[in-house]
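One structure is given here, and the rest of the page talks about it.
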Amino acid sequence: MSHKIALETPLMHAYGQFSHQQYRANSEVTRGELGFCVVIKELPLCSQLNIRGDAACQNFTSGIQQVLGIELPTEPGCWHFSAEHSLYWLGPDEWLLVSQGPSPDLEAKLRAALSGHISLVDVAGGQSILNLRGAAPALAILLKKSSVYDFGGWSDAVDGRGRCAQTTFAKASAVVANRPDGSFDLVVRRSLADYIGRWILDAGREFGCRIEG
Amino acid sequence: MTKTSQINRLSAHVCASARTDTSVIINFTYNGRALQGVAGDTLASALLANGVNVVGRSFKYGRPRGIVGHGAEEPNAIMQIGSGAATVPNLKATQVELYEGLESASVNGWPSVDFDLMSIAGWFSRLMPPGFYYKTFMYPAKLWMTYEHFIRKAAGLGRSPVEEDPDCYDKLNQHADVLVIGAGPAGLMAALEAAYAGARVIIVDEQAEFGGSLLASTQRIDGQTAAAWVDDTVAQLRTFSNLQMLPRSTAFGYYDHNFVGILERRSDHLGLCASAGSRQRMHRVRAKRVVLATGAFERPLVFSHNDIPGVMQASSVSTYVNRYGVAPGNQMLLFTCNDSAYQTALDWHRSGRTVVAIVDSRSTPNGEIMAAVAEQGIEVMLGHAVIEARGSKRVKSALVAPINAQGSRLVGAVTRIACDLIACSGGWSPAIHLSSHTGAKPQWDAAIVGFRPGSSLQQERSAGSCRGTYRLSDCLTEGADVGAQAAQLAGFGDAKRLFALPHIEEYGEHPQQALFLVPHTKRSSRAPSQFVDMQLDVTAGSIAIAVAEGFDSIEHVKRYTALGFGTDQGKLGNINGMAILAAALDQDIANVGTTIFRPAYTPTTFGAIAGRDIGGLFDPERHTAAHHWHVRQGAVFEDVGQWKRPWYFPRSTASGSVETIRAAVDRECLAVRNSVGILDASTLGKIDIQGPDAAEFVTRMYTNSYLKLAAGKCRYGVMLKEDGMIFDDGVCACLGDNHYLMFTTTGGAAGVLAWLELWQQTEWPELQVYFTSVTDHWSTATISGPNARRVLAKVCDDIDLDKNAFGFMDWRDCTVAGVGARVFRISFTGELSYEINVPAHYGRHVWETLMAAGEEFDITPYGTESMHVLRAEKGFIIVGQDTDGSMTPADMNMDWVVGRNKVFSFIGKRSLYRSDALRADRKQLVGLKTLRRSEILPEGAQIVFDPQQSIPMSMQGHVTSSYYSANLGHSIALAVIKGGLSRMGQVVHCPLADGRTLAAEIVSSVFYDPKGVRQHVA
């Protein structure tokens, strides 16, 4: 039996939606005459694994390094990344691994490299990553509207490492991380993506804000 | 410019210091009258420019009242601004910036401000003695309704719009190393030093312009005007990228952990219904250090009829002249007990109007400013006091008499002096409100005749006049020092001042006199009213009455007299009131103490507190992967936790009408029992559990054991809290070695995960087990009914679906519709059921494929209502509906799920053996069948055994679930009844609120297929 398999990201239905202070007619948007200071871009689906283990265990940290080629972030609130993999610190014994493209055997490779008490869970279906880019003051204000966390106190991200925090976002939660280009990534729960998308559109209305895929 | 209406507007060349621009005329209305002001005016300064005397009527006595102050302290000029949906009640005219087209109206005054029935009738004051509310509440209670009618009408507290608020409000979470509150001289210096040290600084001020008292000052700083110094300093602040300036922003509350609430008015000064952005923004600031530089309020003087329009604060008169270019009168009499108010005489004299005299209560003052006054030829009456103002809607004269050195009694004849303005100064009271919010106890300081802020309870320091430092040079020094120290404590700089302090020429001052109540020829209780709190009409006499009636605590007197209860929080009246009370009690003010100031400092709009958490953003909505399919099918949704779940799927009939819920649910339920239905079960909580001790841990959490559960198998379990009461239930599957998947109820998911983590982290850290929420990862479509296997077989060909190969309570990894899936053969309907789980990005695809595959069987989507009916037919409980946190498994007739012989025990086991848990008459779950088959018992209905019993009847239980069952052809209900399991066959009664009593028979809670053969069906 053959099936044409359709994939749906959680925010797909909202691509093209926008909010704008000076919005008067749709034609102005289609003609590209309105400036959008903030853009939410939902990133393509990728593989995501929730990792739990003992950071004090040499076996565990070196196994991760060996398979992924990046060091496990053990400093609270940091993420490490290469072109292929990103590792977000979520807690003293919990990380999120995001990998570009399909990598069906990644979990197996990790399990083979890691021994002892660990947990690897596929969470790719439950989360979506939204990239938030725009003019610096607009982005900062939008984040201040959305979370009680002090993102302004972060050092800038550099190649290979940045800051991240799993925190409140509006009345939901998100993992927020800064990127070297000044934009922010939000890892949000699938079921709450629509609410968060609507929240950001509303919060970004004063600057002009749109959602793209 | 035309000056036709602005009789009190000073020309620009007379008043060069004014911040107003007389070349820009602004039209506005007041009580329907068209008036004009100029750019830079407040509503108050514009009204005064137009010679408006009466701006309201007093709360109790209906006396005409005029503008007294120039800021947050104003008690009288309370206005309704705008009309229609965007109208705003209770704004102080002194804080409303004038804009073109502004509509204003007095809120106090019935039937009108200028003609007031109440004051003519004059009976109202007799109706409302001090303690009126208390006395009225006590006796006679019946009359309260009558009083209330008049009180409400008389109080005239403004009108809230009934329409939806058209404005937008939002909130910003801010973080600062140093938050400076107040941008007067001390605040500006503090911000400058802290920003220079490198700290992240936020400086806020409630006024449109930074500068505070300097905006109305005639002092020279470093040889330039005070205003020019402010401009330079603000320009300097603007160069710091680490500093944020918030004008028009009121810090209204100082809460724990250095959390400060700030209301920014972003467009109120532009007019109603701003077209762009938010009208007001709430800044929720968390600061490492806070510098309070909130200034001070001038204290009024309490003498007879000191409330007649034309009696004003001396500093306010100076502010109107110097800052706004408005002279609110012609013949000014200045009444003071200190040096600082002499400046007002100089300012007034310079405006070209007449200073009648300065009345100084002190006998021998010798401050340096006296020479300056003498130079202008202004008469000074030393050792005198204004004991009474005369006039009705405007001051016409003042009664002046000599007083003794203590200021306690008159020592000579009373003379009458004609004037139309009495400027008063009783000294200064530090604005210690925000410091008080932190719980710091204010300290009385006789040297400054005022309360200083108490020792800090938070990471804050006060600077400048809000801590009783009044000389400008001292304010600047203190502000700079405190700013540098705050930065250092937050981790920046070395606490040393970096900026040179400016040079200021100042007068040497003579100490002020503490004068809280000016004596009259009659004692307070007989003298014409001496007002202490103007907004609530509290007089010196009423405080005396409160003391005579036995009140001796300031907190009691405050409540008895309503002193400081108004929207101005007694900013003017409180200190005088406390001092008068202390004198009446013959105590020190320090002993009497002060009342506690609480947030909000000034009234704060609800819109700003709500922010954007309104309408569709009020609460997060969680959507399943198939949500948009449900929407397109016309599903009616129900909120389950934050999830939107389809409640039922009404179909349109041929005639174009839409099915009722009853018709839809009957159809859906019959389809499941007769063919196949499909339910979106994605919302169930799912927790992935891994680790060598996973089986042991799970077994401790559930009442039954999972130690021997094999991979590929599932088991139903119930979780108890320590008290033995059911708190969640669900299926748990063994996925492989040391690997389990736990299902929870939809609403219980987060609570169960937290519960697992709590026990692992705090009680059993030796158990090696990790938990990960996978609720969102999986999208679940449940197909249920006799044709379920046939549907699944069409889309899944890589496992054997034979009932022996894939039995009840088994699960399999397989491929469904081309997608890797986990299929669980578990059932909540009692029919053959498969719960098909796929990663959620494929959820919609798999759902639609199943719909297509099921078409030949007329597969029917069903919602939560049908799910409830179907499970009730089988007697399956829903935790939270049939249980309420006080039910044990035995109460639910589910003892079979309790493994009493487990090696380690399980959470709640011990509590199951308490005598109360073993009582025979506990409420137990049973089925109910109404004697009239079509009658449906209301859920929550109380159950009695004897319908004839007189009230109060003996409640024997209640209905927990109740539906009409189309499959059975009659209504069914689940109920908990005392000793119910031993009462099978008995008839019970449900007396309803509408007078009917429904009778029902107690039956088994399993109504359908009691042997459970259908879920095992081939």
Side-chain angles (χ1 to χ4, degrees), chain A residues 1-10 12-13 21-22 45 48-54 93-94 104 116-128 141 143-153 168 170-173 188-196 198-199 202-203 205-206, chain B residues 168 170-175 200 275-278 283-284 286 611-613 616-625 627-628 642-643 682-683 688-693 739 768-779 794-797 817-819 838-845 848-849:
Chain A
M1 196 166 180
S2 75
H3 303 275
K4 183 174 170 287
I5 299 170
L7 275 164
E8 269 192 355
T9 66
M12 210 168 194
H13 65 279
Q21 201 66 252
Q22 272 85 46
L45 296 176
Q48 298 189 32
L49 283 177
N50 191 282
I51 301 175
R52 298 194 70 171
D54 182 359
D93 61 0
E94 188 169 11
H117 174 38
I118 57 147
S119 157
L120 297 174
V121 181
D122 183 3
V123 291
Q127 301 184 145
S128 190
I141 289 173
L143 288 173
K144 283 178 179 182
K145 285 185 182 182
S146 306
S147 177
V148 296
Y149 192 90
D150 182 13
F151 301 108
T168 56
K171 286 187 182 176
S173 64
V188 302
R189 282 186 161 222
R190 176 181 237 284
S191 58
L192 287 160
D194 183 74
Y195 162 76
I196 286 177
R198 285 188 292 119
W199 173 275
D202 182 81
R205 202 171 83 97
E206 62 178 302
Chain B
C168 175
D170 59 14
K171 286 187 265 193
L172 229 53
N173 299 293
Q174 301 255 35
H175 299 264
R200 274 195 295 175
S275 57
S278 52
H283 296 262
R284 307 168 78 247
R286 285 164 207 279
R612 300 303 298 153
D613 298 315
L617 295 172
F618 176 68
D619 200 36
E621 278 181 17
R622 297 180 73 179
H623 293 169
T624 68
H627 181 78
H628 294 280
Q642 290 175 326
W643 290 95
S682 309
T683 63
D688 185 284
I689 302 173
Q690 298 182 23
D693 297 314
H739 194 179
Q768 292 196 320
V769 57
Y770 284 128
F771 316 99
T772 306
S773 169
V774 287
T775 302
D776 278 57
H777 177 68
W778 297 103
S779 177
K794 290 178 68 178
V795 295
C796 171
D797 53 12
V819 177
V838 294
H841 300 318
Y842 301 103
R844 171 98 179 253
H845 159 74
E848 289 186 347
T849 308

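Convention: sequence-line order gives letters A, B, ...; per-chain numbering from 1.
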Which atom of B/Pro839 lies closest to which atom of B/Val819, heavy atoms considered
CD-CG1, 4.4 Å
At a heavy-atom separation under 4.5 Å, does B/Ser773 approach chain A through its side chain, its backbone, both, or neither?
both
Taking every non-hydrogen pair under 4.5 Å, which of B/Lys171, B/His628, B/Glu848, B/Gln174 racks up the most with chain A?
B/His628
Is a donor on one side and an acceptor on the other found under 3.5 Å between the side chain of A/Arg189 and the backbone of A/Ser173?
no
Decide yes or no on ring pair (Phe, Tyr, Trp, His ring centres under 6.0 Å) for B/Tyr770 and A/His117, but give the supporting numbers first.
CA-CA 9 Å; B/Tyr770 284 128; A/His117 174 38; 4.2 Å; yes
B/His623 versus chain A, the contacting section by heavy-atom distance below 4.5 Å
both
Look at A/Asp194 together with A/Arg198 and state whether they make a salt bridge at an N to O cut-off of under 4.0 Å.
yes
Salt-bridge present (B/Asp170, A/Arg205; N to O < 4.0 Å)
no
Between B/Arg284, B/Arg622, B/His777, B/His739, which shows the greatest number of heavy-atom pairs under 4.5 Å with chain A?
B/His777
What part of A/Asn50 is in contact with chain B, defined as an atom under 4.5 angstrom from a non-hydrogen atom: side chain, backbone, both or neither?
side chain
Whatever's closer than 4.5 Å to a heavy atom in chain B on A/Leu7 counts as both
Can you tell me which portion of B/Trp643 sits under 4.5 Å from chain A's heavy atoms? Options are side chain, backbone, both or neither.
side chain
Give, for atom NZ of B/Lys794 and atom OG1 of B/Thr849, the distance between the pair rounded to the nearest 0.5 Å.
11.5 Å
Below 4.5 Å from any heavy atom of chain B, which atoms of A/Gln48 appear? Answer side chain, backbone, both or neither.
neither
From A/Arg190 atom CZ to B/Asp776 atom CG, the distance as rounded to the nearest 0.5 Å
8.5 Å
Top residue by heavy-atom pair count (under 4.5 Å) with chain A, among B/Thr624, B/Ile689, B/Val769?
B/Val769
